[in-house]
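The structure appears below as structure tokens.
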Amino acid sequence: MESSPPPAPPALRKNWWGRNWKWFVPTGCLGVLFLFAIFIGAICLLAFSVLKSSDAYNIALSAAQSDPRVIAELGEPVTPGMFPSGNTKVTGPSGEADLAIPVSGPKATGMIYAVATKRAGRWEFSELVLQVADSKKRIPLKIPPP
């Protein structure tokens, strides 16, 4: 009597990782990169908002927006750009600021450079000028009265 071959063992079913690693690994890596990009973006947004909320920034921008020479050169309205740079450090009634503020108008763009020191609660600018883009023209700015 011939014996029949033994039945084949049932196929082993792969575990979750074995079935899903091909989509999980790239998705997980992209997810980590996405979260890292959001974290860096949040830090940049916080830094820009801190600069834009400083008194030195607002005084310098107001000086440019109210100066007739700036309006003649850039056009009206003079609006601030998205990415100011520099730093501010304020401790109570004293502080320092060194800022570069991009501005633009209908006619041209430029950069406000402001270097200031705060003493006894009052900002004093050692430099406050507008450099018009694509030219060597520098317009010294005066602080508007409060």
Side-chain angles (χ1 to χ4, degrees), residues 7-146:
L12 293 176
R13 186 164 188 230
K14 290 182 180 179
N15 61 12
W16 184 89
W17 180 254
R19 292 187 316 267
N20 297 299
W21 73 271
K22 289 180 183 179
W23 67 264
F24 185 78
V25 170
T27 304
C29 291
L30 289 175
V32 168
L33 288 174
F34 180 71
L35 290 175
F36 182 71
I38 287 178
F39 176 72
I40 296 299
I43 288 174
C44 290
L45 184 64
L46 178 66
F48 292 138
S49 68
V50 166
L51 277 179
K52 286 184 173 188
S53 68
S54 72
D55 290 337
Y57 174 93
N58 289 317
I59 292 168
L61 183 60
S62 172
Q65 290 174 328
S66 64
D67 193 311
R69 297 168 299 168
V70 173
I71 293 169
E73 196 68 37
L74 302 182
E76 196 170 22
V78 175
T79 57
M82 292 288 294
F83 304 111
S85 61
N87 61 62
T88 61
K89 179 182 177 186
V90 178
T91 307
S94 62
E96 298 175 350
D98 188 356
L99 302 170
I101 306 165
V103 291
S104 64
K107 296 181 187 177
T109 62
M111 185 74 72
I112 299 170
Y113 295 103
V115 179
T117 305
K118 185 178 183 183
R119 291 189 181 112
R122 186 166 179 237
W123 284 100
E124 296 175 15
F125 287 82
S126 59
E127 179 145 5
L128 184 57
V129 296
L130 171 78
Q131 171 77 49
V132 179
D134 301 330
S135 79
K136 295 185 181 203
K137 193 170 202 176
R138 289 174 71 92
I139 301 172
L141 302 173
K142 292 186 169 84
I143 300 170

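Just so it is clear, the model here is predicted, and its values are computed rather than measured.
With respect to the salt-bridge test (charged N to carboxylate O, under 4.0 angstrom), the residues E124 and R119 qualify. Taking the charged nitrogens against the carboxylate oxygens, K107 and E76 have no contact shorter than 4.0 Å, which rules out a salt bridge.
The number of heavy-atom neighbours closer than 6.0 Å to CZ of F48, taken from other residues, nucleotides and ligands shown, is above 12. For CZ of R19, the number of neighbouring non-hydrogen atoms (other residues, nucleotides, ligands) closer than 6.0 Å is greater than 12. For K52, the NZ atom sits in a packed shell: over 12 heavy atoms of surrounding residues, nucleotides or ligands are nearer than 6.0 Å. Around atom CG of N15, more than 12 heavy atoms belonging to other residues, nucleotides or ligands sit under 6.0 Å away.
Looking at Q65, its side chain does come within 3.5 Å of a backbone N or O of V78 through a donor-acceptor pair. Side chain of S54 to backbone of L51: a donor-acceptor contact under 3.5 angstrom is found. Checking side-chain atoms of S66 against main-chain N and O of S62 turns up a donor-acceptor pair under 3.5 Å.
Here the closest non-hydrogen pair linking P102 and P84 is CD-CA, 3.8 Å. The shortest non-hydrogen separation linking A56 to A97 is CB-CB, 3.6 Å.
A donor-acceptor contact closer than 3.5 angstrom links the side chains of N20 and W23.
Taking 4.5 Å as the limit, every side-chain heavy atom of F36 sits out of range of all side-chain heavy atoms of V32.
Put simply, CG on L30 and CG on L35 are 11.0 Å apart, with the number rounded to the nearest 0.5 Å. The distance from the CD1 atom of I112 to the CD atom of E127 is 12.5 Å, given to the nearest 0.5 Å. Taking CG from L128 and CD1 from I59, the interatomic distance works out to 9.5 Å, rounded to the nearest 0.5 Å. To the nearest 0.5 Å, atoms CG (L74) and CG (L130) are separated by 5.5 Å. L61 contributes atom CG, which lies 10.5 Å from atom CG of L141 (distance to the nearest 0.5 angstrom). To the nearest 0.5 angstrom, T109 atom OG1 is 6.5 Å from D134 atom CG.
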Quiz item: Given the rule in the side-chain contact (heavy atoms from CB on, under 4.5 Å) test, do F24 and W16 qualify, once you have shown the distances and angles that lead to the verdict?
Solution: CA-CA 11 Å; F24 185 78; W16 184 89; 3.8 Å; yes

Self-check item: Criterion side-chain contact (heavy atoms from CB on, under 4.5 Å) on K118 and V90, from CA distance to verdict
Solution: CA-CA 8 Å; K118 185 178 183 183; V90 178; 4.0 Å; yes

Quiz prompt | Trace of the side-chain contact (heavy atoms from CB on, under 4.5 Å) decision for I139 with V129 | solution = CA-CA 5 Å; I139 301 172; V129 296; over 6 Å; no

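Ring to ring, W123 and Y57 are not that close: their centroids are 6.0 angstrom or more apart.
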